[in-house]
Asks: 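My questions will all concern the structure given below.
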Amino acid sequence: MPSSVASRSKDEWREHFRTLRRGLSPARYAALGTLIGSRALSLSPVAQASVVHVYWPLPEQGEVDTRPLIGALRGQGKTVVLPVVTSYDPAAPTMEHRRYDGHSATTTNRWGIREPANTAQVSPDALDVVLVPALGVDQRGNRIGHGSGYYDAFLRHVDVPCIALIYADCFVSHLPSAPHDIPVTTVVTERRCFSLSSS
């Protein structure tokens with residue numbers, strides 16, 4: 001790895017991954033989301049799950065499109081759970097988790113993210129698997145997100161497989177990490193799936 005790459009900060013990596021996302025055409029974006037979702041469905045932790053925590057994507061930011069995957073999970077009779085932001089305080093980022101009952105039972109938060117509205121709240125203890133958004137992930141499962149800390153705070157309280165959905169070009173050998181970062185256990189890209197170890 002070139003030293004200029006190895007020494008990148010988290011913010012530099014974020015900009016690198018966002019540049020890759022901006023290079024996706026609408027057709028390529030849709031195709032990759034379908035491929036990644038299909039691969040995620042084939043994973044044992046997802047296939048065997050009854051309750052799946054997913055995120056709602058931000059297509060304008062090139063975030064991996066989970067909408068086809070959400071539809072497929074519901075078609076299989078699984079309970080889909082989405083996060084709901086409960087605190088926008090940067091010092092105390094918190095979410096609760098609610099059952100997704102369809103698009104008509106959602107609202108849009110201040111960041112333009114669809115969230116369930118007035119549906120049943122689901123305890124993290126009831127989740128079988130969590131599908132995590134990420135800008136990039138390294139070979140030890142270290143994840144770089146948008147830097148708000150919501151998922152690290154959430155994942156600290158779950159003990160189930162945590163699967164990041166990313167584009168293949170965003171899976172790299174090493175990323176900077178901090179003690180509060182919670183690594184993912186698996187990465188799914190449009191090319192393959194990777195089981196990871198943080199050891």
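Because the structure is predicted, anything quoted here is derived from the model rather than measured.
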Asks: If we ignore hydrogens and angles and just use 3.5 Å, is the side chain of Thr34 paired with the main-chain N or O of Ala30 as donor and acceptor?
Replies: yes
Asks: Pair Arg140, Asp181 - check salt bridge (Lys or Arg N to Asp or Glu O under 4.0 Å), show working.
Replies: CA-CA 12 Å; Arg140 298 183 66 186; Asp181 292 338; over 6 Å; no
Asks: Any side-chain heavy atom of Tyr100 sitting closer than 4.5 Å to one from Arg74?
Replies: yes
Asks: How long is the span from the NE2 atom in His157 to the CG atom in Leu127, to the nearest 0.5 Å?
Replies: 13.0 Å
Asks: Can you see whether Arg18 engages His146 through a side-chain donor-acceptor pair at a distance of less than 3.5 angstrom?
Replies: yes
Asks: Taking the side chain as every heavy atom from C-beta outward, state whether Tyr150 and Leu155 have any atom pair closer than 4.5 Å.
Replies: no
Asks: So, do Leu43 and Cys193 sit near enough that their side-chain heavy atoms are less than 4.5 Å apart?
Replies: yes
Asks: In Å and rounded to the nearest 0.5 Å, what is the CH2 to OG1 distance from Trp56 to Thr108?
Replies: 9.5 Å
Asks: Are Val84 and Val158 connected in a single hydrophobic cluster, I mean Ile/Leu/Val/Met/Phe/Trp/Tyr linked by side-chain heavy atoms less than 4.5 Å apart?
Replies: no
Asks: Is any side-chain heavy atom of Val54 closer than 4.5 Å to a side-chain heavy atom of Leu73?
Replies: yes
Asks: Taking everything shown except Asp159 itself, do over 12 heavy atoms lie less than 6.0 Å from its CG?
Replies: no
Asks: Between Asp128 (side chain only) and Ser50 (backbone N and O only), is there a donor and an acceptor less than 3.5 Å apart?
Replies: yes
Asks: Can you name the residues that form a side-chain contact (heavy atoms from CB on, under 4.5 Å) with Thr86, not counting sequence neighbours?
Replies: Thr94, Glu96
Asks: For a 4.5 angstrom cut-off between non-hydrogen side-chain atoms, does Phe194 reach Thr189?
Replies: yes
Asks: Determine yes or no for a side-chain-to-main-chain donor-acceptor pair under 3.5 angstrom, with Thr185 supplying the side chain and Cys162 the backbone.
Replies: yes
Asks: Would you find a donor on one side and an acceptor on the other, under 3.5 Å apart, between the side chain of Tyr167 and the backbone of Gly62?
Replies: yes
Asks: Counting only N and O atoms by type, is there a donor-acceptor contact under 3.5 Å from the side chain of Arg143 to the main-chain atoms of Ala134?
Replies: no
Asks: Any side-chain to backbone donor/acceptor pair from Thr66 onto Leu69? Under 3.5 Å, distance only.
Replies: no
Asks: Answer yes or no: is there a donor N or O on one side and an acceptor on the other, between the side chain of Asp101 and the main chain of Ala105, under 3.5 Å?
Replies: no
Asks: Distance check, rounded to the nearest 0.5 Å: Arg114 atom CZ versus Thr106 atom OG1?
Replies: 3.0 Å
Asks: Distance-only, no hydrogens or angles: does the Glu115 side chain make a donor-acceptor pair with backbone N or O of Leu82 under 3.5 Å?
Replies: no
Asks: The test is side chain to side chain contact (heavy atoms under 4.5 Å, CB included); show your working for Tyr29 and Val64 and say whether it passes.
Replies: CA-CA 8 Å; Tyr29 172 75; Val64 172; over 6 Å; no
Asks: Do the ring centers of Trp111 and Tyr55 come within less than 6.0 Å of each other?
Replies: no
Asks: Please report the interatomic distance CD1(Ile144) to NE2(His16), rounded to the nearest 0.5 Å.
Replies: 10.5 Å
Asks: Under a 3.5 Å distance rule, please check whether Ser87 uses its side chain to pair with a backbone N or O of Ala92 as donor and acceptor.
Replies: yes
Asks: Between Arg22 and Glu15, is there a salt bridge with N-O shorter than 4.0 Å?
Replies: yes
Asks: Sub-3.5 Å donor-acceptor pair from the side chain of Lys10 to the main-chain atoms of Ser177, do we have one?
Replies: no
Asks: Within the structure provided, determine whether Arg99 and Val51 are in side-chain contact (heavy-atom separation under 4.5 Å).
Replies: no
Asks: Check the angle between the aromatic planes of His53 and Phe154 and answer parallel, tilted or perpendicular using the 30° and 60° thresholds.
Replies: tilted
Asks: Between Asp169 and Arg21, does at least one N-O distance fall below 4.0 Å, as a salt bridge requires?
Replies: no
Asks: For the residue pair Val137 and Asn142, establish whether any side-chain heavy-atom pair is separated by less than 4.5 Å.
Replies: no
Asks: What distance separates Cys170 SG from Leu20 CG, expressed to the nearest 0.5 Å?
Replies: 5.0 Å
Asks: Any luck finding a side-chain donor-acceptor pair between Arg98 and Thr119 under 3.5 Å?
Replies: no
Asks: Flag the pair Val130 / Val160 as yes when at least one side-chain heavy-atom distance between them is below 4.5 Å, and no otherwise.
Replies: yes
Asks: Taking the cut-offs as 6.0 angstrom to the six-membered ring centre and 45 degrees off its axis, would you call Arg8 and Trp13 a cation-pi pair?
Replies: yes
